[in-house]
Structures are given as structure tokens and as C-alpha cells.
S.K.: 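Pasting in a structure now, in C-alpha cells, and then I'll have a few things to ask.
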Amino acid sequence: MKIAYYPGCTLKTRAKNLEDAALAALRVLGIAAVELPRWNCCGAVYSLTDDDLIHQVAPVRDLIRVKEQGAETVMTLCSMCYNTLARANRLMREDEEKRHTLNTFMDEEPDYHGEVEVHHLLTLLRDRIGWKTLAAKVRRPLTGLKVAPYYGCTLVRPRPVSIDPRPDQPTILDDFLRALGAEPVDYPARIECCGAYNILSEPDAAHRASANVLASAERHGAELVITSCPLCEYNLGTCQNQVLPHGEGLRPLPTLYFSQLLALALGVGNEELGLELSPASSLKLVAERISPIHQA
Amino acid sequence: MTLFIDDRRIDCDFKEKIRELSGQNVALCMQCGTCTASCPMSADTEVVPRKLMQLIQLGLREEVLEAPLAWVCASCHTCMARCPRGIDITRVMEAVRQLGLRENVDHVNLSALPAEQLRDLPQIAFVSCFRKLTA
Ligand code: SF4
Ligand code: SF4
């Protein structure tokens with residue numbers, strides 16, 4: 001199976017591990033992710049004011065690039081790119097007036113009507129591969145590993161672009177973890193915010209929000225938190241040392257991208273997972289808790 | 001906070017301006033406070049989401065634009081997901097931010113950040129922060 005792939009800016013640098021691990025895992029699953037030959041930044045956040053149409057141009061251009069390739073579906077890995085592209089796509093499908101304005105403004109581009117389907121790797125795994133098939137490909141079962149699935153905001157809100165039919169009680173990451181043989185941890189903060197871009201403007205407030213998420217996961221027995229967004233991964237993992245003092249008795253908690261755990265379970269070698277970009281505690285967890293490859 | 005409402009300070013068009021930008025009718029808000037209870041960012045702010053809605057209903061433009069809430073809002077969409085009146089409060093926050101930004105004032109100062117952090121932060125952190133907080 002071939003699929004058009006939109007990486008987004010962060011996956012080419014700071015979150016190279018999110019991409020590398022996902023692409024390695026997809027190779028094992030027999031899926032060729034074909035990166036769009038041309039793409040631009042999606043804008044990271046979806047524009048929320050009715051008269052601010054100029055900020056819809058960037059994500060819509062990306063969707064036109066997908067259509068140009070003759071592809072019906074585009075895969076994203078970053079939660080923020082997913083959210084922005086999926087919402088811009090819905091706008092082009094549903095709002096006739098804004099669609100007309102945008103198409104007229106981009107008169108050098110072919111008209112776009114929201115023809116493309118925007119997917120996240122998780123929805124592709126669920127809908128095109130299936131959890132059973134995925135489970136059958138696991139070579140390094142994560143048996144006994146207690147993992148907190150962190151959904152955050154952009155995978156599940158707002159409802160029309162949620163990757164799970166129940167955005168208030170999502171299970172897609174839990175199902176994903178079960179397929180890998182791990183034990184998903186149920187904890188209340190799974191759909192709460194990590195503080196997002198406030199890390200730049202109001203770092204204390206962001207650290208408090210992240211501490212709340214980590215404390216909730218830890219209280220419910222998590223050994224590891226998995227994320228799908230480079231900003232969540234930064235707030236919860238990379239700068240965890242600054243977060244810990246904001247939660248009483250909070251201890252270091254390893255974090256990994258969901259794609260790293262997927263690749264690990266599928267038997268991809270550690271050297272392809274970009275673990276050097278992950279927090280030190282995560283490296284330690286992989287070395288100590290995840291058993292070596294099971295030889296078939 | 002005791003609020004003295006002086007009719008000379010009421011801007012009757014303000015609610016309409018917010019509606020024009022956000023597409024939301026704040027008059028629907030029944031002041032239940034669900035948005036405030038759901039908000040991860042307003043623990044330290046005096047004007048919480050419910051209160052901001054009330055200030056907009058009253059047409060108190062200055063109080064709304066001076067409240068720090070829209071500048072700490074993380075656009076997490078939790079309030080909009082839970083509002084029993086179906087108001088997209090996240091869009092209302094964006095409308096308030098836009099009105100502030102259109103005065104050409106930035107609300108983030110990157111030169112205050114440590115070099116190590118600037119080196120490690122993901123690009124989407126900068127792009128989203130600039131989109132939300134710079135004019
Ligand atoms: S949740 Fe909705 S109705 Fe309740 S106070 Fe907030 S905006 Fe008003
Ligand atoms: S979108 Fe903003 S105001 Fe609403 S709950 Fe999230 S941080 Fe609070």
C-alpha cells in the first residue's frame with residue numbers, strides 16, 4: 001500500500017524521532033509513505049476568526065499538493081498538523097463562500113473542494129490495517145509495560161476532527177497499546193492540555209498544566225507516557241526537569257512518541273528510533289523494560 | 001472583584017463585533033461556569049472564562065481587552081467541548097486576542113528565553129505562539 005505523507009516542519013528537525021520511527025514501522029507493515037514532493041508549514045494552529053482567511057491559505061495549499069499527486073488520502077504524524085489540515089479541509093468542504101474566496105485568491109492553483117481525506121497514522125492503523133493484523137506483526141511484545149496514552153487536545157478536539165468517535169473518552173491509543181501487548185493506563189488527565197505554546201509566553205502556567213498530566217499518569221501506575229505531538233513531547237518530556245517541581249512528589253516519568261513504541265514492538269532496531277532525541281529516562285526504560293527481539 | 005458599571009463605559013456594539021469575528025452569540029451564555037471549571041490555564045487569573053463571557057454580554061470592552069485570560073488561553077478547546085449552551089468559547093477567546101493584536105501589540109517576548117530552551121523547542125511551539133500572540 002502507498003500513501004501520501006505530509007511531515008510538517010518539526011518532524012524534519014527537533015522531532016526527527018517521531019518521523020524516523022514511524023517510517024521504519026511502516027516499512028515493516030508494508031506501507032510506503034511517499035512524502036509530498038513539495039509542502040509548506042501548515043501554520044500549526046487553525047485560524048479561529050471568520051475574517052482571518054489568509055491563515056487558511058497555507059494548509060489549503062498543502063491539501064492542493066496532495067490532490068496534485070492524484071492521492072485521495074494524506075497521512076500526518078504530528079497532532080498539530082493533523083488538526084490544522086483536517087479543519088482546513090472541512091472548511092473547504094462545508095463553507096461555500098470561504099471556499100470561493102480562497103480558490104479565487106489562489107488563482108494560480110487548481111480549485112480545491114476538500115476532496116482529500118486527512119488521516120493520522122493512528123487512524124490508518126485502525127481503519128486500513130486493523131488492530132488484529134498489527135498485533136500479529138509484533139515481534140517484541142511489550143507485555144506488562146504500563147503505558148499512559150496521552151491524547152492531549154488536538155487529536156480529539158473539536159469533535160468533527162476527532163480521531164476517535166468518542167472525543168471525551170477516546171480509546172484509539174489504548175487499543176493501539178493493547179495491540180502492541182502493552183497495558184494502557186486509565187488516568188483522568190489523558191485529554192487535558194499540556195500548556196501548549198504557553199511554554200514560550202507563560203512557562204510557569206504551562207509547567208503546571210504539564211505537572212497535572214504527569215502526576216495523574218503516575219498516580220495511576222504509568223511507567224511511560226506516549227505522545228503524538230512534538231509540543232506535548234517537549235512540555236511533558238524534554239523539559240520535564242522544570243515541570244517536576246510543580247507537582248508534589250512528582251518523579252521523573254519517561255516519555256516516547258507513539259511511533260517509537262510502535263517501531264520497538266515491530267522489532268525495528270533501536271538505532272532507527274532516534275532515541276538520542278528522547279529524554280534520558282526513556283532510554284533507560286527501553287534498555288531495562290523492553291525485552292530484546294524475539295527470534296521467530 | 002467588585003465591578004462598578006458606568007453606562008458611559010458600555011460599548012453596545014462590542015458584543016456584535018465579537019459575534020462578527022467569532023461567529024458566536026455570547027448572549028446564549030447562562031453563566032453556569034462549566035468553562036471555568038474546565039480551563040487548565042485560568043487558575044491564577046481573576047477574569048475566568050465565565051466572567052469574560054459576562055463582561056462581553058455587558059459590553060464592557062475595556063475590561064475584556066485588559067483581562068489577561070485570552071493571552072494565557074492555550075486554545076485547548078476544552079471549554080467549547082463542554083459548554084452546555086454550545087458556545088465555541090475558544091473562538092470567543094481568539095476574537096478577543098485578534099482585537100488586541102490589531103492594536104499592533106505583541107504579547108510574548110522571546111529575548112527573555114534562555115538560549116538552551118530556544119535551541120530545543122520544537123518549531124510548532126514558535127509558529128503557534130507567534131500566530132496567537134504576535135501582531
Ligand atoms: S460553559 Fe457556556 S454557558 Fe456555561 S458559563 Fe461558560 S460559556 Fe456560559
Ligand atoms: S480554550 Fe482557552 S479558555 Fe478554553 S479551556 Fe482551553 S485554555 Fe481555557
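These numbers were taken from a predicted model, which means no experiment stands behind them. Numbers restart at 1 for each chain; the letters A, B, ... are given by sequence-line order, proteins then strands. Heavy atoms only: backbone and side chains are in, while hydrogens, waters and symmetry mates are out.
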S.K.: Looking only at heavy atoms, what is the nearest atom pair of A/G43 and B/R131, with distance?
M.R.: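 Nearest heavy atoms, A/G43 then B/R131: O-NH1, 3.2 Å.
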S.K.: Looking at B/R102 and A/D51, what are the two nearest heavy atoms and their distance?
M.R.: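 Result for this residue pair: NH1-OD2, 2.8 Å.
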S.K.: Roughly how far, to the nearest 0.5 Å, is NE2 of B/H107 from CD of A/E202?
M.R.: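 Spacing of CD (A/E202) from NE2 (B/H107) equals 11.0 Å.
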S.K.: Taking the side chain as every heavy atom from C-beta outward, state whether B/I124 and A/C229 have any pair of such atoms under 4.5 Å apart.
M.R.: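 With C-beta onward as the side chain, the pair touches.
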S.K.: Given a strict heavy-atom distance threshold of 4.5 Å, which part of A/T154 is in contact with chain B: side chain, backbone, both, or neither?
M.R.: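 Interface part for A/T154: neither.
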S.K.: Name the atoms and distances for all side-chain donor-acceptor pairs under 3.5 Å in residues 86-97 of chain B, with sequence neighbours left out.
M.R.:
| from | atom 1 | to | atom 2 | distance (Å) |
| --- | --- | --- | --- | --- |
| B/D88 | OD1 | B/T90 | N | 3.3 |
| B/D88 | OD1 | B/R91 | N | 3.2 |
| B/R91 | NE | A/L48 | O | 3.2 |
| B/R91 | NE | B/S22 | O | 3.2 |
| B/R91 | NH2 | A/L48 | O | 3.2 |
| B/R91 | NH2 | A/D50 | OD1 | 3.1 |
| B/E94 | OE1 | B/R97 | NH2 | 2.8 |
| B/E94 | OE1 | B/K132 | NZ | 2.6 |
| B/E94 | OE2 | A/L48 | N | 3.0 |
| B/R97 | NH1 | B/A70 | O | 3.0 |
| B/R97 | NH2 | B/S75 | OG | 3.4 |

S.K.: Chain B heavy atoms under 4.5 Å from A/A205: which part of the residue, side chain, backbone, both or neither?
M.R.: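 Both backbone and side chain.
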S.K.: Write down the atom of B/M41, the atom of A/A209, and the distance for their closest heavy-atom approach.
M.R.: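 B/M41 and A/A209 have their closest heavy atoms at SD-CB, 4.4 Å.
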S.K.: What part of B/Q117 lies closer than 4.5 angstrom to a heavy atom of chain A: side chain, backbone, both or neither?
M.R.: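 Interface part for B/Q117: both.
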S.K.: If you count heavy-atom pairs under 4.5 Å between each of A/G195, A/G152, A/P230, A/P158 and chain B, which one has the most?
M.R.: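 Among A/G195, A/G152, A/P230, A/P158, the one with the most close pairs to chain B is A/P230.
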S.K.: Between A/Y197 and B/S128, which heavy-atom pair has the shortest distance, and what is it?
M.R.: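 For A/Y197 versus B/S128, the nearest heavy atoms are CB-OG, 3.4 Å.
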S.K.: Go through A/C193, A/A196, A/A206 and name the one with the most non-hydrogen pairs under 4.5 angstrom from chain B.
M.R.: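 Among A/C193, A/A196, A/A206, the one with the most close pairs to chain B is A/C193.
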S.K.: Between A/C41 and chain B, which part of the residue has a heavy atom less than 4.5 Å away: side chain, backbone, both or neither?
M.R.: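 Answer is side chain: those atoms of A/C41 sit under 4.5 Å from chain B.
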S.K.: In terms of heavy-atom pairs under 4.5 Å with chain B, which of A/Q242, A/M80, A/K12 leads?
M.R.: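 Max contact count across the listed options: A/M80.
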S.K.: When only pairs under 4.5 Å are counted, which of B/A112, B/A43, B/C73, B/S38 shares the most heavy-atom pairs with chain A?
M.R.: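 Highest number of heavy-atom pairs under 4.5 Å: B/C73.
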S.K.: Does A/C153 reach the side chain of B/H77, with side-chain heavy atoms less than 4.5 Å apart?
M.R.: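 The answer is no, as the side chains (C-beta and beyond) never meet within the 4.5 Å cut-off.
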S.K.: Go through B/A125, B/A81, B/P40 and name the one with the most non-hydrogen pairs under 4.5 angstrom from chain A.
M.R.: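 Sorted descending by pairs with chain A, the first entry is B/A125.
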S.K.: Indicate the atoms forming the closest heavy-atom contact of A/Y234 with B/L121, along with that distance.
M.R.: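 That closest heavy-atom pairing would be CE2-CD2, 3.4 Å.
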S.K.: Is it the side chain or the backbone of B/F126 that comes within 4.5 Å of chain A heavy atoms, both, or neither?
M.R.: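 Both parts, backbone and side chain.
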S.K.: Using non-hydrogen atoms only, which part of A/C78 is less than 4.5 Å away from chain B: side chain, backbone, both, or neither?
M.R.: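 Just the side chain, heavy atoms under 4.5 Å.
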S.K.: Using a 4.5 angstrom heavy-atom cutoff, name the option from B/L21, B/L133, B/T78 with the most pairs to chain A.
M.R.: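 Most heavy-atom pairs within the cutoff with chain A belong to B/L21.
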S.K.: With a 4.5 Å cut-off on side-chain heavy atoms, are B/D44 and A/R208 touching?
M.R.: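 Yes, at least one pair of side-chain atoms sits under 4.5 Å.
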S.K.: So for A/E192, is it side chain, backbone, both, or neither that comes closer than 4.5 Å to the heavy atoms of chain B?
M.R.: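 It is neither, since no heavy atom gets under 4.5 Å.
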